[in-house]
Amino acid sequence: MNSSIGHFMAQQGFGDEEPSRRHGHFRALQLQPWVLGVLVVVGIIFQSPVLFFVLAAILAWSVIVPTLNPFERLYDWVIGGPASMPKLEPAPLPRRFAQGMAATFMTVTGVSLALGWMILAYVFEAFLLIALIALIAGRFCMGSYIFHTLTGRSAFANSTCPWSK
């Protein structure tokens, strides 16, 4: 089993799992960043404040009511259910913090676009793209890493980086 998956799962706040369960769980958790990644690119292409506000609202909802995260429920209904996979559990605090951080960045992007503050919008769009690429391609969640660092667990945060041994 790839250790970067284990590091990612620990960073997100999930405990030890059987290797076969961990890989499936990891793939399930990747649905959200993939969908968001596509929609953020669409939002950037069209410079749509409305799309960024909608994405921010969905992410904020996921933080406030984690049992009703629409991405996780979609996974359970479309992919997990037909494959007889266990339902996804609500996101632990590090993952919810990351979702809240993403919601904040999307809100700032939407406000910036709505007010015509293009440089600020471009900066936050770049941050969103970098964070999504790191999450999808690098198995590194900037928001969860920051959560662990802010809560005094810097050594743990560093141990969850994909390049850690």
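FYI, side chains are in, hydrogens and waters are out, and symmetry mates aren't considered; it's all heavy atoms of this structure. All values derive from a computational prediction rather than experimental measurement.
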With rounding to the nearest 0.5 angstrom, report the [atom1] to [atom2] distance, [X] to [Y].
X: L128; Y: L36; atom1: CG; atom2: CG; result: 9.5 Å
X: R21; Y: M85; atom1: CZ; atom2: CE; result: 6.5 Å
X: N69; Y: D76; atom1: CG; atom2: CG; result: 9.5 Å
X: L113; Y: Y122; atom1: CG; atom2: OH; result: 8.5 Å
X: C141; Y: Q99; atom1: SG; atom2: CD; result: 8.5 Å
X: H148; Y: F156; atom1: NE2; atom2: CZ; result: 4.5 Å

Do you know the tightest heavy-atom contact between [X] and [Y]?
X: M101; Y: G143; answer: SD-CA, 3.8 Å
X: G110; Y: F53; answer: C-CZ, 3.4 Å
X: G13; Y: P92; answer: O-CG, 3.5 Å
X: L132; Y: G37; answer: CD1-CA, 3.8 Å
X: V63; Y: P66; answer: O-CD, 3.6 Å
X: W77; Y: P82; answer: O-CD, 3.4 Å

Is [X] linked to [Y] within one hydrophobic cluster, defined over Ile, Leu, Val, Met, Phe, Trp and Tyr using a side-chain heavy-atom separation of less than 4.5 Å?
X: I136; Y: I130; result: no
X: L68; Y: I79; result: no
X: V35; Y: V54; result: yes
X: L74; Y: V38; result: no
X: W34; Y: F71; result: no

Checklist entry - Between F26 and F8, what is the ring plane arrangement, given parallel below 30°, perpendicular above 60°, and tilted in between? => result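 Judged by the thresholds at 30° and 60°, the geometry between F26 and F8 is perpendicular.
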Between [Y] and [X], is there a side-chain heavy-atom distance shorter than 4.5 Å?
X: F140; Y: C161; value: yes
X: H7; Y: R139; value: no
X: L93; Y: T151; value: no
X: H25; Y: L88; value: yes
X: V111; Y: F52; value: no
X: S164; Y: N158; value: no

Take a 6.0 Å sphere around [atom1] of [X] and say whether it holds more than 12 heavy atoms from other residues, nucleotides or ligands.
X: R73; atom1: CZ; result: yes
X: Q47; atom1: CD; result: yes
X: F127; atom1: CZ; result: no

Checklist entry - Does Q11 have any side chain to side chain donor-acceptor pair (under 3.5 Å) partners at least two apart in sequence or in another chain, and if so, which? => result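 Q11 satisfies side chain to side chain donor-acceptor pair (under 3.5 Å) with T160 only.
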Item to check | Sidechain-backbone polar pair: T109 side chain, P49 backbone, donor-acceptor under 3.5 Å | outcome: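 Pair absent, no side-chain N/O of T109 close to backbone of P49.
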Next on the checklist: Determine whether a donor-acceptor pair (N or O, by modelled atom type, separation under 3.5 Å) exists between the side chain of R95 and the backbone of L29.
Outcome noted: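 It does hold such a pair.
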Item to check | Contacts of L51 that satisfy side chain to side chain contact (heavy atoms under 4.5 Å, CB included) - sequence neighbours left out | outcome: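 Side chain to side chain contact (heavy atoms under 4.5 Å, CB included) list for L51, sorted by chain: V42, S48, L55.
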